[in-house]
Trainee: 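Mind looking over this structure? Questions follow.
Per chain, numbering begins at 1; letters A, B, ... match sequence-line order. Predicted, not measured: the structure shown is a model, and the values here were computed from it.
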2 protein chains.
Amino acid sequence: MSAAKRTELRTSEVAELAGVNIQTLRYYERRGLLAEPHRSNGGHRLYPPDTVALLQVIKAAQRLGFTLDEVADLLDAGRRRHPSPDLRERAIGKIAEIDQKIADLTTIRASLTEVVDARCDSLTNCTCTDCPIPYLTIGTTRPSGDFA
Amino acid sequence: MSAAKRTELRTSEVAELAGVNIQTLRYYERRGLLAEPHRSNGGHRLYPPDTVALLQVIKAAQRLGFTLDEVADLLDAGRRRHPSPDLRERAIGKIAEIDQKIADLTTIRASLTEVVDARCDSLTNCTCTDCPIPYLTIGTTRPSGDFA
DNA sequence: GGTAAACCTGTACCTAGGTACGGGATGCAA
DNA sequence: TTGCATCCCGTACCTAGGTACAGGTTTACC
């Protein structure tokens with residue numbers, strides 16, 4: 001079936017393109033994140049090409065701190081335009097959660113930005129309290145100063 | 001030492017206030033995320049009150065998909081206004097990463113928003129392709145339509 | 001001074017999310 | 001039609017991040 005290969009992807013191809021392990025594909029299939037692909041006569045999996053994009057979405061969502069169960073929910077929600085009232089309810093919850101995440105990320109980002117353009121007036125005349133130039137720090141105290 | 005208790009918090013108090021398990025405090029201490037608190041004469045830990053806020057920051061960062069090692073880095077960066085060039089470099093990298101996360105979250109959010117205000121013209125006259133009203137869906141096909 | 005609740009350390013165990021391995025079947029190009 | 005790369009399935013193992021237990025001190029209140 002060298003001709004059919006043009007449209008359907010084999011396990012290793014999907015894995016490579018999406019940057020995931022082959023075992024992960026089977027794992028996601030077991031978890032219900034990936035629909036069971038159809039098979040060749042011999043039983044080899046053949047995936048539709050957009051599986052690659054789907055995997056990338058899954059991976060992105062995971063990096064954002066969603067569990068696989070949550071990702072499954074999100075995908076489910078994203079697919080149907082006619083959610084059940086329950087699903088709609090959960091979608092609203094997720095949106096609030098996402099807004100919180102964005103707010104938190106923004107806070108962290110601001111803190112990092114401060115770090116990056118840490119303004120040290122000069123090496124010999126710096127008003128910062130945690131300046132590495134030792135004698136400047138003597139006798140100063142500073143509140144802990146974590147992100148927020 | 002009932003008087004000293006007013007300023008310093010015991011393990012269970014910190015855990016309760018921050019909403020984490022007591023074991024987690026010790027775990028974070030081992031991991032270097034929490035500085036070793038000083039001890040009572042008998043060896044019991046006594047935490048400064050801002051530990052609670054710190055824990056909340058850690059938990060928030062975790063929910064955003066950062067590993068504990070990354071959280072440690074972030075905290076470290078957040079504390080010092082005079083980063084080493086290396087730390088500065090990593091901070092810049094983190095900012096890019098965070099921007100990506102925010103972008104991804106925004107995409108997912110948009111998709112969920114669509115779900116929430118899914119406009120169904122009416123129960124008998126709906127143009128959506130995955131409308132639950134059966135006969136409307138006959139003969140229609142639709143691209144997969146995951147988030148992006 | 002007695003005692004119950006909270007704490008200590010060390011070690012064992014748990015869950016989520018993968019990843020690797022073994023032994024056998026398939027796909028496909030030469 | 002043979003040979004080698006891939007694939008199959010089932011199962012075992014791994015890492016991160018916790019969480020629980022055991023057996024023994026300390027605290028704090030009566």
Trainee: Check whether any side-chain N or O of Lys59(B) sits under 4.0 Å from OP1 or OP2 of dG17(D), and answer yes or no.
Mentor: no
Trainee: Taking only side-chain N and O atoms of Gln62(B), does any of them lie within less than 4.0 angstrom of OP1 or OP2 on dG18(D)?
Mentor: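 For Gln62(B), the contact criterion (side-chain N or O under 4.0 Å from OP1 or OP2 of dG18(D)) is met.
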Trainee: Under a 4.0 Å heavy-atom cut-off, which of residues 19-38 of chain B touch DNA chain D?
Mentor: Asn21(B), Gln23(B), Thr24(B), Tyr27(B), Tyr28(B), Arg31(B)
Trainee: Answer yes or no: is there a side-chain heavy-atom contact under 4.5 Å between Tyr27(A) and Leu33(A)?
Mentor: no
Trainee: Nearest-Å distance, CG (Asp69(B)) to P (dG18(D))?
Mentor: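 From Asp69(B) CG to dG18(D) P: 12 Å.
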Trainee: To the side chain of Leu68(A), which of dC8(D), dA6(C), dG18(C) is closest?
Mentor: dG18(C)
Trainee: Given side chains that start at C-beta, do those of Val57(A) and Leu74(A) come closer than 4.5 Å, heavy atoms only?
Mentor: no
Trainee: For Arg45(B) and dC8(C), is the shortest distance between a side-chain N/O and OP1 or OP2 below 4.0 Å?
Mentor: yes
Trainee: Side-chain N or O of Thr11(A) less than 4.0 angstrom from OP1 or OP2 on dT6(D)?
Mentor: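 No, Thr11(A) has no side-chain N/O under 4.0 Å of OP1/OP2 on dT6(D).
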Trainee: Assuming nearest nucleotide by heavy-atom distance, tell me which of Ile58(B) and Ser12(A) is located more 5' along DNA chain D.
Mentor: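 Its nearest nucleotide being more 5', the pick is Ser12(A).
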Trainee: Take Leu9(B) and Thr51(B) through the side chain to side chain contact (heavy atoms under 4.5 Å, CB included) test and state the conclusion after the steps.
Mentor: CA-CA 9 Å; Leu9(B) 299 171; Thr51(B) 306; over 6 Å; no
Trainee: Could you pull out the protein-nucleic contacts involving nucleotides 22-24 of chain C (nitrogen or oxygen on both sides, under 3.5 Å)?
Mentor:
none

Trainee: Just how far, in rounded Å, is C1' of dC7(C) from CZ of Arg39(B)?
Mentor: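 Rounded to the whole Å, the gap is 10 Å.
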Trainee: Hey, are the side chains of Tyr47(B) and Leu54(B) touching, using non-hydrogen atoms and a 4.5 Å cut-off?
Mentor: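 No, every pair of side-chain atoms sits at 4.5 Å or beyond.
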Trainee: Considering only distance and modelled atom types, tabulate donor-acceptor pairs under 3.5 Å from the side chains of residues 85-92 of chain B, sequence neighbours left out.
Mentor:
{"unit_1": "Asp86(B)", "atom_1": "OD2", "unit_2": "Arg90(B)", "atom_2": "NH2", "d": "3.4"}
{"unit_1": "Arg88(B)", "atom_1": "NH1", "unit_2": "Val116(A)", "atom_2": "O", "d": "2.2"}
{"unit_1": "Arg90(B)", "atom_1": "NH1", "unit_2": "Asp73(B)", "atom_2": "OD1", "d": "3.4"}
{"unit_1": "Arg90(B)", "atom_1": "NH1", "unit_2": "Asp73(B)", "atom_2": "OD2", "d": "2.7"}

Trainee: Once you round it to whole Å, what is the distance between C1' of dG17(C) and CZ of Arg63(A)?
Mentor: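 It works out to 15 Å between those atoms.
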Trainee: Listed by chain and number, what are the side-chain contact (heavy atoms from CB on, under 4.5 Å) partners of Ile102(B), not counting sequence neighbours?
Mentor: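 Partners of Ile102(B) under the side-chain contact (heavy atoms from CB on, under 4.5 Å) test: Ile102(A), Leu105(A), Thr106(A), Ile98(B), Thr106(B).
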Trainee: Between Glu8(B) (CD) and dT27(D) (C1'), how many Å, whole number?
Mentor: 16 Å
Trainee: Could you list the residues that satisfy salt bridge (Lys or Arg N to Asp or Glu O under 4.0 Å) with Arg31(B), not counting sequence neighbours?
Mentor: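 For Arg31(B), the residues satisfying salt bridge (Lys or Arg N to Asp or Glu O under 4.0 Å) (neighbours in sequence not counted) are Asp69(B).
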Trainee: Provide the full list of salt bridge (charged side-chain N to carboxylate O under 4.0 Å, His left out) pairs with a residue in residues 52-68 of chain A, sequence neighbours left out, each pair given once.
Mentor: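 Residue pairs with at least one partner in residues 52-68 of chain A: there are none.
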Trainee: Rounded to the nearest angstrom, tell me the gap between atom CG in Leu46(B) and atom P in dA6(C).
Mentor: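 To the nearest whole Å, that distance equals 16 Å.
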Trainee: Report each atom pair, protein N/O against N/O of nucleotides 23-26 of chain D, whose distance is under 3.5 angstrom.
Mentor:
{"unit_1": "dT26(D)", "atom_1": "O4'", "unit_2": "His44(B)", "atom_2": "NE2", "d": "3.4"}

Trainee: Within the 4.5 Å heavy-atom criterion, are Glu8(A) and Ser40(A) side-chain neighbours or not?
Mentor: no
Trainee: Taking only residues at least two apart or on different chains, which pairs with a member in residues 101-111 of chain A satisfy salt bridge (charged side-chain N to carboxylate O under 4.0 Å, His left out)?
Mentor: Arg109(A)-Asp99(B)
Trainee: Only counting residues at least two apart or in another chain, list the ones meeting salt bridge (Lys or Arg N to Asp or Glu O under 4.0 Å) with Glu70(A).
Mentor: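 Glu70(A) satisfies salt bridge (Lys or Arg N to Asp or Glu O under 4.0 Å) with Lys94(A) only.
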